[in-house]
Amino acid sequence: MITDERIIPISLPTPFAVGDVNIYLIKGEALTLIDAGPKTKEAADVLKNRLSGLGFTLSDIDQVVLTHHHADHVGLLDEFPDGVKIIGHPFNEPYISKNPVFIENQQSFFTYLFKQLGVPVDMGLLSLTVKRSYRFSCQRSLTETILEGSQIDGLEGWRVLETPGHASSHIVLLHEGNGSMIGGDLLLKPSSSNPLLEMPQTSEKRQAPLLDYVASLKRLLELPVRVMFPGHGEKITAIQELIARRLEKQQNRAEEVYRLLAESPQTAFELCRKLFPAVYEKELFLTMSETVGQLDDLESRGRMTSNEKDGILYYCTK
Ligand SMILES: [Zn+2]
């Protein structure tokens with residue numbers, strides 16, 4: 001049985017507000033790395049030094065398993081030799097390969113969506129935001145895909161669970177034998193993990209990432225997890241309490257949105273400015289994702305509806 005001692009955390013610096021990212025080395029039949037870190041020289045140096053301290057080099061790693069496609073988790077894939085296996089949910093692929101058609105489609109998708117949400121869209125700025133999300137990412141390809149229930153060769157005892165929300169590509173690994181979970185960004189101690197708007201990959205309609213995220217958290221509540229090894233921050237053992245706190249905070253924010261909507265019908269962008277007056281300009285993508293998430297939540301409970309006028313959605317309470 002793999003015990004916790006065989007999961008070696010490696011903390012790497014990132015250029016993002018979230019701070020360091022944790023990746024994990026697991027010594028099983030294969031030498032597996034869970035996630036790779038952002039593509040910066042600093043992170044590459046720290047990774048190589050840590051591996052060398054453990055008696056390894058990058059070429060000793062047999063496989064890298066991705067928890068999700070965000071740059072702080074995948075960028076350093078570019079440092080690995082060609083032979084390494086790269087394993088993840090199929091939704092990682094267009095992001096980690098920087099597929100140009102996909103990136104172009106993302107720009108059109110978000111231009112359309114943000115117009116609909118009432119954002120005074122600056123097309124140039126929007127495509128810049130999309131491009132920027134790739135800045136510390138990589139240009140690699142999955143060599144194997146995993147889905148709900150998959151097991152990974154050389155990583156005996158671990159099972160893949162799909163946990164969309166923070167990202168549609170998000171998976172976690174559960175070791176049922178000892179209750180360990182490699183959690184990616186599903187649940188973090190220092191901050192809540194933001195469910196982010198994405199371009200849908202299998203349908204025309206945009207997803208509701210917050211609803212997916214809440215469902216993933218509720219699923220986690222039911223699982224026999226003793227300790228979670230997260231993508232950021234320290235190990236989590238009081239998992240149920242933390243989930244309860246996160247769910248409560250989300251509900252409070254949905255109530256806040258409901259109260260604002262009860263005053264007058266408005267666009268998602270108008271709501272976003274009221275909810276996040278200090279940061280909405282700098283963090284437009286993040287704060288709009290959060291706002292739309294609460295609207296999706298209220299709509300799913302039948303408490304809110306929307307009317308379209310000249311291509312813009314106006315939300316009101318029901
Ligand atoms: Zn992430």
Side-chain angles (χ1 to χ4, degrees), residues 9-24 33-40 43 47 64-78 86-98 102 106 110 129-138 140 142 146 160-173 181-201 207-217 220 228-236 242-243 246 250 283-290 292-293:
I10 299 176
S11 178
L12 302 176
T14 80
F16 303 112
V18 67
D20 292 356
V21 62
N22 302 321
I23 65 173
Y24 295 93
L33 197 62
I34 313 292
D35 287 339
K39 188 178 177 176
T40 65
L47 175 59
V64 183
V65 179
L66 303 177
T67 61
H68 63 296
H69 69 263
H70 292 162
D72 51 337
H73 295 258
V74 306
L76 279 186
L77 282 176
D78 275 351
I86 301 175
I87 304 169
H89 189 280
F91 285 169
N92 285 285
E93 181 62 23
Y95 294 99
I96 68 166
S97 62
K98 290 194 179 134
F102 180 77
Q106 270 187 304
F110 282 112
T129 308
V130 169
K131 282 204 188 101
R132 269 203 197 123
S133 66
Y134 290 89
R135 191 165 152 213
F136 299 100
S137 192
C138 55
R140 292 299 286 257
L142 295 173
I146 43 176
V160 172
L161 307 180
E162 289 183 14
T163 48
H166 172 66
S168 59
S169 58
H170 203 286
I171 59 106
V172 296
L173 291 164
M181 177 176 277
I182 307 284
D185 290 356
L186 175 58
L187 185 68
L188 307 174
K189 230 179 189 174
S191 60
S192 37
S193 23
N194 305 292
L196 295 173
L197 286 167
E198 284 180 20
M199 184 176 79
Q201 292 195 41
Q207 289 144 309
L210 182 88
L211 299 186
D212 290 344
Y213 181 65
V214 167
S216 292
L217 279 189
L220 177 59
M228 170 105 131
F229 296 87
H232 306 274
E234 56 191 86
K235 279 197 291 200
I236 308 168
L242 190 56
I243 294 176
R246 294 287 180 258
Q250 185 271 313
E283 297 284 1
L284 184 65
F285 197 76
L286 212 64
T287 53
M288 280 300 291
S289 292
E290 175 71 32
V292 170

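As the structure lists them, so they are numbered: ligands from 1, and atoms in each ligand from 1.
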For this session: Go through the structure and list residues passing ring pair (Phe, Tyr, Trp, His ring centres under 6.0 Å) with His73, not counting sequence neighbours.
Result: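 For His73, the residues satisfying ring pair (Phe, Tyr, Trp, His ring centres under 6.0 Å) (neighbours in sequence not counted) are His68, His232.
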
Problem set entry | Tyr95: partners by ring pair (Phe, Tyr, Trp, His ring centres under 6.0 Å), with sequence neighbours left out | His69, Phe102

Exercise. Only one of His89, Glu198, Gln201 forms a side chain to side chain donor-acceptor pair (under 3.5 Å) with Ser168, so which one is it?
Worked result: Glu198

Exercise. Do Leu220 and Val172 pass the side-chain contact (heavy atoms from CB on, under 4.5 Å) test, and can you show the C-alpha distance, the side-chain angles, and the key distance before you say yes or no?
Worked result: CA-CA 10 Å; Leu220 177 59; Val172 296; over 6 Å; no

Problem set entry | Nearest heavy-atom neighbours spanning Pro230 and Asn22 | O-ND2, 3.0 Å

Exercise. Any idea how many protein N, O or S atoms are nearer than 2.8 Å to the Zn ion (ligand 1)?
Worked result: 4

For this session: For residues 183-193, pull every pair meeting salt bridge (Lys or Arg N to Asp or Glu O under 4.0 Å), keeping only residues two or more places apart or in separate chains.
Result: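 For residues 183-193, and leaving out neighbouring residues, the salt bridge (Lys or Arg N to Asp or Glu O under 4.0 Å) pairs sorted by first residue read Lys189-Glu234.
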
